[in-house]
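Numbers here simply count residues along the sequence, with the first being 1.
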Amino acid sequence: MRRMWFAVACAMAMGLTAVGIGEAHHGTAAYDTTTTVTVSGIVTEFKFVNPHVLILWDAKDESGKVQSWSGERSGPNSGWNRNTFKPGDQVTITGRPAKNRSNTMAISKIMLNGKEMTSGGDN
């Protein structure tokens, strides 16, 4: 009987740990959720690793110096593929900036060549 309770307790602990890991993976702890930034530039790379995407782009700062940016977005499962964004595409990306002040953000909105991208459809 004691072994059965031990096995049940272990299974519950493993299940709760897995939930915590999943929640941390999709959390926003690395981003400033009180601030939004918008950065325009040219796509240099697009990584489509379902269910996440990573967009890398170059943007010019106020002095004209090129800065490399990256942004992550989850969930564009419907209608997007590895060719949705191509190097050279003009983008304007809005999102939550990284707390560590790096040129990284959690993407909330993407404009591709002047057209807003949704999480799917015919974009």
Side-chain angles (χ1 to χ4, degrees):
M1 184 72 158
R2 191 178 256 182
R3 283 187 181 179
M4 183 179 81
W5 283 111
F6 181 73
V8 168
C10 286
M12 288 176 63
M14 288 173 52
L16 290 173
T17 299
V19 168
I21 290 170
E23 194 62 31
H25 174 77
H26 290 280
T28 57
Y31 302 102
D32 179 355
T33 58
T34 64
T35 306
T36 301
V37 296
T38 299
V39 181
S40 295
I42 304 296
V43 172
T44 58
E45 189 174 355
F46 176 60
K47 296 181 181 183
F48 184 84
V49 185
N50 201 6
H52 297 278
V53 298
L54 181 66
I55 301 174
L56 292 91
W57 72 100
D58 286 340
K60 291 184 180 177
D61 66 12
E62 297 81 26
S63 67
K65 181 180 175 188
V66 174
Q67 296 181 330
S68 294
W69 277 82
S70 67
E72 178 184 19
R73 183 169 176 165
S74 62
N77 300 331
S78 173
W80 286 24
N81 62 51
R82 61 185 180 90
N83 298 311
T84 299
F85 298 92
K86 294 172 272 329
D89 283 341
Q90 175 68 41
V91 292
T92 299
I93 299 179
T94 302
R96 304 295 186 178
K99 287 181 180 176
N100 68 4
R101 300 182 192 261
S102 64
N103 292 342
T104 305
M105 71 171 72
I107 298 171
S108 58
K109 179 180 177 182
I110 304 170
M111 299 289 291
L112 171 64
N113 299 320
K115 182 178 177 185
E116 184 172 356
M117 300 296 291
T118 63
S119 291
D122 59 359
N123 291 322

Measuring from atom [atom1] of [X] to atom [atom2] of [Y], what distance do you get when rounded to the nearest 0.5 angstrom?
X   : Y   : atom1 : atom2 : value
L56 : T44 : CG    : OG1   : 5.0 Å
E72 : I55 : CD    : CD1   : 11.0 Å
T33 : K99 : OG1   : NZ    : 6.5 Å

message: A side-chain contact here means heavy atoms from C-beta on lying under 4.5 Å apart; do M117 and T84 qualify?
response: yes
Just distance, no hydrogens or angles: give the donor-acceptor pairs under 3.5 Å from side chains in residues 103-110, sequence neighbours left out.
| from | atom 1 | to | atom 2 | distance (Å) |
| --- | --- | --- | --- | --- |
| N103 | ND2 | S68 | O | 3.4 |
| T104 | OG1 | S102 | OG | 3.2 |
| S108 | OG | T94 | O | 3.2 |

Is there a path of hydrophobic side-chain contacts, each under 4.5 Å between heavy atoms, that joins [X] and [Y]?
X    : Y   : value
I93  : V43 : yes
V91  : V37 : yes
Y31  : L54 : no
M111 : W69 : no

field: Between R96 and T36, a side-chain donor and acceptor under 3.5 Å
entry: yes
- prompt: Of W57, F46, F48, which is the lone residue that meets ring-ring contact (aromatic ring centres under 6.0 Å, His included) with F85?
  reply: F46
- prompt: Minimum heavy-atom separation for S40 to A59, with atom names?
  reply: O-CB, 3.0 Å
message: Is it the case that the side chain of N113 and the backbone of Q90 share a donor-acceptor pair, with hydrogens and angles ignored and the cut-off at 3.5 Å?
response: yes
